[in-house]
Amino acid sequence: MEKIKVGVLGATGSVGQRFIQLLENHPFFTVSHLAASERSAGQSYGEVMKSKWKISSDIPDYAKGIMISLPKPADTMGVSLVFSGLDSSIAGEVETEYANAGVIVISNSKNHRMVPNVPLLSAEVNADHLEVLKSQSTSGKIITNSNCTIMGVTISLKPLFDKFGLESVMLFSMQAISGAGYPGVPTMDILGNVVPYISGEEDKAEEEPQKCLGTVENGKIKHADFKISAHCNRVPVFDGHTVCVSAKFKKKPSKNDILAAWKEFAGEPQKMKLPLAPEQTIVYREENDRPQPRLDLETGRGMSTVVGRLREDSILDWKWVVLSHNTIRGAAGAALLNAELLYQKGLIPKG
Ligand code: NAP
């Protein structure tokens, strides 16, 4: 089977590196275009990444010799799709240029997330939102991932929202430093410390889940009708966002109802057996002190959402803890799963 040529924009960053790692030997896609800023452009990926590669496995050989260019659609060498891990200061404009040039863009940035006809796609949660692509006017299409903190939260809410309805959600995040990109938060600010503020994060956490759980109406996504209050904190953990969630439901479920809903939850990625789909989307840990980033982050190759500590909430109905890998399930892995979904649905034109 001929593979589809793809590119990675922002290939040198935290998210970009994950793309490079996850795309090694991918059965559907082959990487032929890498782009980053003028700090990296004109040099080979291997050369630039000697000092910037922060993942425990080696830089894949396939990527080392690829020359990095500036993110310009004219230099794409016939790619049909690009994954974008660009800094948000530039992502909006550049992603639109690629879409105008007929390239499908799968973005991790915030810029296009809240546009009503851009899916905020989480493959198990809202594959039906791909319907709105028909109403995008560009020849290429833009699809976004949700924010990394709420990715796991939304996955844990989806089967409960469908069965019991939601009225309100409170969440408290403990977010890893890799979520701030590289070099990110200065060591002297975060070592042995907690920073109770992450710019823009609470706004995203309070509006993105409603879009993810919304419905398609007249070519646009109508947001689900429930309220969220979020507190977002940066903690000295390298990878993995942990979120404490409390929720009030329209119809209060029992503990067993919730556990069964999580256990049974599967979406199109599992039905289609997509390469990166975790076997179990939501994994519940029975132990009192789990999930923990150090112990549970690699569950399902970093693609499962790990949930624990389900107990009654004295103000709302139920509370629990969610852990998800911010650069895998919260970014590059989720984006690649979205691309696999598009591929299997025949939505990627061959370049
Ligand atoms: P990062 O480590 O700072 O990487 C940013 C990338 O953008 C680098 O490749 C950088 O290239 C490139 N870039 C910066 N300015 C540019 C310019 N003017 N022209 C072209 N390229 C430019 O950031 P990150 O953490 O990977 O995040 C990337 C995006 O994903 C952000 O929008 C972020 O909000 C989002 N996101 C991040 C996470 C996470 O856990 N880190 C999770 C979900 C979403 P150089 O190396 O050449 O400077």
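Atoms within a ligand are numbered from 1 in the order they appear, just like the ligands themselves. On a predicted model such as this, the values are computed, not experimentally measured, just so you know.
Between the side chain of Ser44 and the backbone N or O of Glu47, at least one donor-acceptor pair lies under 3.5 Å. At distances below 3.5 Å, at least one donor-acceptor pair connects side-chain atoms of Gln136 with backbone N or O atoms of Ile142. Formation of a donor-acceptor pair under 3.5 Å by the Arg309 side chain with backbone atoms of Asn288 is found in this model.
Counting heavy atoms of neighbouring residues, nucleotides and ligands inside a 6.0 Å radius, atom CG of Asp225 does not exceed 12 of them. No more than 12 heavy atoms of other residues, nucleotides or ligands shown are found within 6.0 angstrom of CD on Glu93. A 6.0 Å sphere centred on NZ of Lys252 holds more than 12 heavy atoms belonging to other residues, nucleotides or ligands.
Looking at atom 37 (C) of ligand 1, its nearest protein heavy atom turns out to be Val15 CG2, 3.4 Å. The nearest heavy-atom contact from the protein to atom 4 (O) of ligand 1 is Gly13 CA, 3.2 Å. The protein heavy-atom contact nearest to atom 18 (N) of ligand 1 is Ile90 CD1, 3.5 Å. Closest protein heavy atom to atom 29 (C) of ligand 1: Leu86 O, 3.3 Å. Protein heavy atom at the shortest distance from atom 33 (C) of ligand 1 is Asn108 O, 4.6 Å. Among protein heavy atoms, atom 15 (N) of ligand 1 sits closest to Arg39 NH2, 3.7 Å. Looking only at protein heavy atoms, the nearest one to atom 40 (O) of ligand 1 is Asn326 ND2, 3.0 Å. What sits closest to atom 9 (O) of ligand 1 on the protein, heavy atoms only, is Thr12 OG1, 2.6 Å.
Residue contact check: Gly85 has heavy atoms under 4.0 Å from atoms 5 (C), 6 (C), 7 (O), 28 (C), 29 (C) of ligand 1. Each of the atoms 42 (C), 43 (C) of ligand 1 lies under 4.0 Å from some heavy atom of Ala331. The atoms of ligand 1 that sit less than 4.0 Å from any heavy atom of Ser40 are 45 (P), 46 (O), 47 (O). Interface atoms of ligand 1 facing Thr327, defined by a heavy-atom separation under 4.0 Å, are 40 (O). Listed by number with element, the atoms of ligand 1 under 4.0 angstrom from any heavy atom of Ala36 are 11 (O), 20 (C), 21 (N), 47 (O). Close contacts between ligand 1 and Pro71 involve ligand atoms 20 (C) [criterion: under 4.0 Å to a heavy atom]. Applying the 4.0 Å criterion to heavy atoms of Ser109 picks out, from ligand 1, the atoms 31 (C), 32 (O). Listed by number with element, the atoms of ligand 1 under 4.0 angstrom from any heavy atom of Lys52 are 45 (P), 46 (O).
Arg113 and Thr144 share no donor-acceptor pair across their side chains, judged by distance under 3.5 Å alone. Side-chain contact annotation: Gln280 with Ser304, donor-acceptor N/O pair under 3.5 Å absent. Defined by atom type and a distance below 3.5 Å, a donor-acceptor pair is missing between the side-chain atoms of Glu95 and Ser109. For the 3.5 Å distance criterion, the side chains of Asn326 and Ser178 qualify, holding a donor opposite an acceptor.
The shortest non-hydrogen separation linking Ala127 to Leu341 is CB-CD2, 3.8 Å. When all heavy atoms of Ser80 and Ile348 are compared, the pair lying nearest together is CB-CG2, 3.9 Å. Across all non-hydrogen atoms, the minimal contact from Phe19 to Gly85 is CE1-N, 4.4 Å.
Within the 4.0 Å heavy-atom shell around ligand 1 one does not find Ala91. Residue Glu38 places no heavy atom under 4.0 Å from ligand 1.
If you check each of Gly184, Gly181, Ala176 against atom 24 (P) of ligand 1, the one with the closest non-hydrogen atom is Gly181. Between atom 16 (C) of ligand 1 and the options Cys148, Ser37, Ala35, the minimum heavy-atom separation is to Ser37.
Looking at ligand 1, you'll find an N or O of Tyr182 within less than 3.5 Å of one of its N or O atoms.
Contacts with ligand 1 closer than 4.0 Å are made by no heavy atom of Lys110, backbone or side chain.
Under the 4.5 Å side-chain heavy-atom criterion for Ile, Leu, Val, Met, Phe, Trp and Tyr, Leu323 and Val235 are members of distinct hydrophobic clusters.
When distances from atom 6 (C) of ligand 1 to the protein are checked, a heavy atom turns up under 4.0 Å.
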